[in-house]
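Take a look at the structure below.
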Amino acid sequence: METVSENACFGGVQGVYAHAAGTTNCKMTFGLYLPPQAETAEVPVLWYLSGLTCTHENAMTKAGAQAWAAEAGIALVFPDTSPRGEGVADDEAYDLGQGAGFYVNAIETPWAAHYRMWDYVTDELPALLFREFPLDPDRQAITGHSMGGHGALTMAMRVPGRFRSVSAFSPICNPIKSDWGKKQLTAYLGADSGQWAAHDASLLMAETGFDGPMLVDTGTEDQFMEYLRPETLAQAIAARRQQAVFRMQPGYDHSYFFVSTFMADHVAFHAEALGA
């Protein structure tokens with residue numbers, strides 16, 4: 001593992017690291033914030049999955065999460081959104097290819113050689129983190145924005161017992177019915193829509209739900225509302241009587257101004273679930 005940078009931040013350390021990943025068959029970069037409490041004990045972990053076009057850096061520099069994480073004694077993990085590098089398949093469109101891995105394991109050509117973001121985030125990266133850093137594997141939570149909100153919700157529901165809580169900012173809630181989903185899931189998983197259901201938060205909520213608390217925020221002025229389809233998740237939550245807080249925030253859009261506004265709420269929500 002290569003240390004790209006380490007900076008003092010709210011009494012802790014904001015690091016950026018790179019490593020050769022076997023799942024994605026390329027070099028991967030991630031951010032990790034360790035709060036000051038990590039100097040003396042293992043600390044709980046909050047995963048943050050970013051959205052389309054983002055890297056590990058967007059939320060790390062724009063979301064303002066470190067101040068609240070330092071106060072609560074929680075580490076923050078910022079994975080990249082896709083494999084990258086020479087020889088990694090890409091597309092001219094911003095919503096497919098590099099920066100748009102959709103947190104799935106691709107099985108279609110040319111994506112299958114590198115685009116295994118599900119295994120990277122749920123398996124390889126956690127193994128590396130818990131081996132190299134003072135993190136408590138028994139206290140994990142997950143959140144994300146947009147495509148990352150989709151990833152956070154699906155991972156929380158499909159990896160039972162891993163995460164104590166889940167939240168999302170403007171998540172893509174129903175990708176099998178959305179233009180942010182149909183295009184990418186067809187490319188990565190093939191035309192058989194039966195392969196897609198495992199990556200649809202609304203369907204997963206209806207089928208299995210989540211064994212823990214959930215918080216979802218979406219802005220009423222989100223310019224991508226037709227792609228997000230939040231009403232489908234709200235209906236599934238209500239039908240299942242899932243333990244959840246689902247909020248439509250008046251006047252807010254899809255930007256990091258929205259994310260940073262409600263980041264304190266989300267960190268506090270996870271801190272309570274993690275016993276931090």
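Just so it is clear, the values below take in all heavy atoms, side chains as well, and ignore hydrogens, waters and symmetry mates.
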Write down the atom of [X], the atom of [Y], and the distance for their closest heavy-atom approach.
{"X": "Leu189", "Y": "Glu108", "result": "C-CG, 3.7 Å"}
{"X": "Ala187", "Y": "Leu96", "result": "CB-CD1, 3.8 Å"}
{"X": "Pro44", "Y": "Ala276", "result": "CG-CB, 4.1 Å"}
{"X": "Thr29", "Y": "Ala18", "result": "OG1-CB, 4.0 Å"}
{"X": "Phe10", "Y": "Ala70", "result": "O-CB, 3.5 Å"}
{"X": "Ser170", "Y": "Leu228", "result": "O-CD2, 3.5 Å"}

Kindly compute the distance separating [atom1] ([X]) from [atom2] ([Y]), expressed to the nearest 0.5 Å.
{"X": "Trp111", "Y": "Asp91", "atom1": "CH2", "atom2": "CG", "answer": "5.0 Å"}
{"X": "Met28", "Y": "Ser82", "atom1": "CE", "atom2": "OG", "answer": "6.5 Å"}
{"X": "Asp119", "Y": "Tyr103", "atom1": "CG", "atom2": "OH", "answer": "14.5 Å"}
{"X": "Asn174", "Y": "Leu233", "atom1": "CG", "atom2": "CG", "answer": "9.0 Å"}
{"X": "Ile142", "Y": "Thr122", "atom1": "CD1", "atom2": "OG1", "answer": "9.0 Å"}
{"X": "Ile172", "Y": "Leu153", "atom1": "CD1", "atom2": "CG", "answer": "10.5 Å"}

Hydrophobic side-chain clustering at under 4.5 Å (ILVMFWY, transitive links): who's grouped with Phe269? Put none if nobody.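 Its cluster mates, by chain and number, are Leu215, Val245.
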Salt bridge check, Arg116 against Glu124: does any charged N sit closer than 4.0 Å to a carboxylate O?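 The answer is no: the pair does not qualify as a salt bridge.
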Can you hop from Tyr256 to Phe224 via hydrophobic side chains spaced under 4.5 Å?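 Unlinked, Tyr256 and Phe224 end up in two clusters.
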Hydrophobic clusters here meaning ILVMFWY residues chained together by side-chain heavy-atom distances under 4.5 Å, can you tell me if Val13 and Val267 are in one? no
Of all residues at least two apart in sequence or in a different chain, which pass the side chain to side chain contact (heavy atoms under 4.5 Å, CB included) check with [X]?
{"X": "Asp95", "answer": "Leu52, Ala93, Trp180, Lys183, Gln184"}
{"X": "Glu57", "answer": "Thr55, Met60, Thr61"}
{"X": "Pro160", "answer": "none"}

Beyond-backbone contact of [X] with [Y], side-chain heavy atoms, under 4.5 angstrom:
{"X": "Leu32", "Y": "Leu129", "value": "yes"}
{"X": "Met117", "Y": "Pro83", "value": "yes"}
{"X": "Lys62", "Y": "Ser260", "value": "no"}
{"X": "Leu204", "Y": "Arg158", "value": "yes"}
{"X": "His150", "Y": "Asp200", "value": "no"}
{"X": "Tyr48", "Y": "Val77", "value": "no"}
{"X": "Leu135", "Y": "Glu42", "value": "no"}
{"X": "Ile237", "Y": "Met214", "value": "yes"}

Taking the six-membered ring for Trp and the single ring otherwise, decide whether the centroids of [X] and [Y] are under 6.0 Å apart.
{"X": "His199", "Y": "Trp118", "answer": "yes"}
{"X": "Tyr188", "Y": "Phe102", "answer": "no"}
{"X": "His56", "Y": "Tyr33", "answer": "no"}

Side chain to side chain contact (heavy atoms under 4.5 Å, CB included) between Leu49 and Thr143, intermediate numbers included: CA-CA 6 Å; Leu49 306 186; Thr143 187; over 6 Å; no
Between Ser167 and His270, is a side-chain hydrogen bond (donor to acceptor under 3.5 Å, both in side chains) present by the stated rule, with each step listed? CA-CA 8 Å; Ser167 72; His270 291 296; 2.8 Å; yes
Is a side-chain donor-acceptor pair under 3.5 Å present for [Y] with [X]?
{"X": "Gln66", "Y": "Gln14", "result": "yes"}
{"X": "His254", "Y": "Ser146", "result": "yes"}
{"X": "His114", "Y": "Thr24", "result": "no"}

Show your working on side chain to side chain contact (heavy atoms under 4.5 Å, CB included) between Ser255 and Asp253 and close with a plain yes or no. CA-CA 6 Å; Ser255 70; Asp253 61 13; 2.7 Å; yes
Please step through ring-ring contact (aromatic ring centres under 6.0 Å, His included) for the pair Tyr120 and His19, ending with a clear verdict. CA-CA 12 Å; Tyr120 177 70; His19 68 114; 5.7 Å; yes
Run the side chain to side chain contact (heavy atoms under 4.5 Å, CB included) check on Phe169 and Met263 step by step: do they pass? CA-CA 9 Å; Phe169 301 86; Met263 180 55 72; 3.9 Å; yes
Tyr94, OH: over 12 other non-hydrogen atoms inside 6.0 angstrom: yes
Given the rule in the side chain to side chain contact (heavy atoms under 4.5 Å, CB included) test, do Phe30 and Val16 qualify, once you have shown the distances and angles that lead to the verdict? CA-CA 6 Å; Phe30 65 91; Val16 177; over 6 Å; no
Given 3.5 Å as the limit, does a donor-acceptor pair link the side chain of Gln98 with the main chain of Val88, or not? yes
Please name all residues satisfying salt bridge (charged side-chain N to carboxylate O under 4.0 Å, His left out) with Arg84, sequence neighbours left out, ordered by chain then number. Asp80
Could you walk me through whether Glu132 and Tyr17 pass the side-chain hydrogen bond (donor to acceptor under 3.5 Å, both in side chains) check? CA-CA 11 Å; Glu132 298 292 337; Tyr17 308 93; over 6 Å; no
Can you list the steps and then say if Phe262 with Tyr252 is a ring-ring contact (aromatic ring centres under 6.0 Å, His included)? CA-CA 11 Å; Phe262 297 101; Tyr252 286 91; 5.0 Å; yes
Strictly by salt bridge (charged side-chain N to carboxylate O under 4.0 Å, His left out), give each pair with a member in residues 216-232 just once, sequence neighbours left out. Asp217-Arg247
